[in-house]
There are 2 protein chains.
Amino acid sequence: MGTKKTKNYINRNCSELISLIMVGETMQLLSGKWKMQIITFLLNNGKTRFMDLMRGVEGISPRLLSRELQELLESKMVVRYVTNTKLVTVEYELTEDGKTLKGLLISVANRGTAHLKYLASRE
Amino acid sequence: MGTKKTKNYINRNCSELISLIMVGETMQLLSGKWKMQIITFLLNNGKTRFMDLMRGVEGISPRLLSRELQELLESKMVVRYVTNTKLVTVEYELTEDGKTLKGLLISVANRGTAHLKYLASRE
DNA sequence: CGGTATCCGTAGCGATACTG
DNA sequence: CAGTATCGCTACGGATACCG
């Protein structure tokens with residue numbers, strides 16, 4: 001492979017290439033230290049209250065949980081349910097769109113263990 | 001679902017729950033604004049030189065590309081080849097481990113388009 | 001309970017210039 | 001070509017206190 005002119009780096013739809021733009025887009029939506037864990041928790045446990053999320057996603061602060069939930073609400077990956085307007089009960093749940101992240105999250109989790117094994121095997 | 005004692009939120013291996021810890025672990029490894037795009041590009045194009053990565057991953061600075069490549073090298077997801085020690089030719093390539101990210105990246109990219117469609121359908 | 005307000009440190013990122 | 005050095009910013013995240 002010599003240095004021909006300049007390669008065509010723009011992704012063509014007809015090929016099997018993975019779109020850099022879409023990858024960037026998605027990763028931006030999922031950016032934030034806790035977002036993936038929040039989604040994972042909701043995937044595992046379904047509709048969940050704020051304080052239960054606090055307990056479930058270990059280490060997160062209320063400020064950050066609140067912020068990242070809002071971002072997930074904005075991008076429509078999560079819905080918010082308020083039950084008692086006076087005595088306050090709020091639950092969060094993944095939308096249908098949010099639930100489509102399941103396969104992705106499974107891949108992510110599996111890769112975690114696979115990577116650890118890979119590292120172990122090389123040393 | 002009332003407020004029973006405290007739910008058991010620790011993931012058990014025997015269930016189908018996705019491990020929060022592994023998700024966190026992986027996402028930390030993949031953190032950095034450009035890492036996923038770099039991996040995607042290498043997945044699409046195979047062994048690639050530094051400057052070609054610069055051109056391929058649009059918007060990235062040499063500083064950041066250098067840094068993120070080093071991190072990928074440290075976590076053994078990428079290999080570095082030097083050909084001419086004097087006239088300098090360097091190429092980067094995914095390791096076998098790095099290549100296992102393909103499914104993940106495809107999910108990520110697909111979700112990008114799916115998400116856009118979802119948003120469009122709701123307004 | 002379900003958050004927001006405030007404060008603050010640092011790590012992440014960008015732009016640019018420079019080097020072997 | 002393949003990076004590193006320097007600089008400066010701001011956005012992200014942590015801790016804590018407080019509010020309806």
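Every chain is numbered from 1 and lettered A, B, ... according to where its sequence line falls, protein lines coming before strand lines. Source: prediction; values computed, not measured.
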Return the value, rounded to whole Å, for the distance between atom [atom1] of [X] and atom [atom2] of [N].
| X | N | atom1 | atom2 | value |
| --- | --- | --- | --- | --- |
| B/R67 | D/dT6 | CZ | P | 16 Å |
| A/E71 | C/dT4 | CD | C1' | 15 Å |
| B/L65 | C/dG14 | CG | C1' | 14 Å |
| A/L72 | C/dG3 | CG | P | 13 Å |
| B/N84 | D/dC1 | CG | P | 14 Å |
| B/W34 | C/dG12 | CH2 | C1' | 13 Å |
| B/R55 | D/dC1 | CZ | C1' | 10 Å |
| B/K35 | C/dG12 | NZ | P | 9 Å |

For this session: Decide whether a cation-pi geometry holds between B/K76 and A/Y118; the criteria are a distance under 6.0 Å from NZ or CZ to the six-membered ring centre and an angle within 45° of the ring axis.
Result: no
Which of these nucleotides, [options], is closest to any side-chain atom of [X]?
| X | options | answer |
| --- | --- | --- |
| A/M51 | D/dG13, C/dC13, C/dC1 | C/dC1 |
| A/S66 | C/dT4, D/dA2, D/dT4 | C/dT4 |
| A/P62 | C/dG12, C/dG3, D/dA2 | C/dG3 |
| A/V90 | D/dG3, D/dC1, C/dG3 | C/dG3 |
| B/K33 | C/dG12, C/dC13, D/dG13 | C/dC13 |

Problem set entry | NZ/B/K99: more than 12 non-hydrogen atoms of other groups inside 6.0 Å | yes
Exercise. Between A/G32 and A/V88, which has a closest nucleotide on DNA chain D that is more 5'?
Worked result: A/G32
Problem set entry | Residue-phosphate contact under 4.0 Å: B/Y92 side-chain N/O, D/dC1 OP1/OP2 | no
For this session: Pick base, sugar-phosphate or nothing for B/E91, based on heavy-atom distances below 4.0 Å to the nucleic acid.
Result: nothing
For this session: Look at all strands and tell whether A/Q70 reaches a base, only sugar-phosphate, or nothing, counting heavy atoms closer than 4.0 Å.
Result: sugar-phosphate
For this session: State the CD1-CG distance between B/I39 and B/L101, to the nearest 0.5 angstrom.
Result: 5.0 Å
Problem set entry | Salt-bridge present (A/D97, B/R122; N to O < 4.0 Å) | no
Exercise. Does a side-chain N-to-carboxylate-O contact under 4.0 Å join A/D52 and A/R55?
Worked result: yes
Seminar exercise, completed: Assign each of B/L64 and A/R63 the nucleotide of DNA chain C bearing its closest heavy atom; nearer the 5' end lies the nucleotide of A/R63
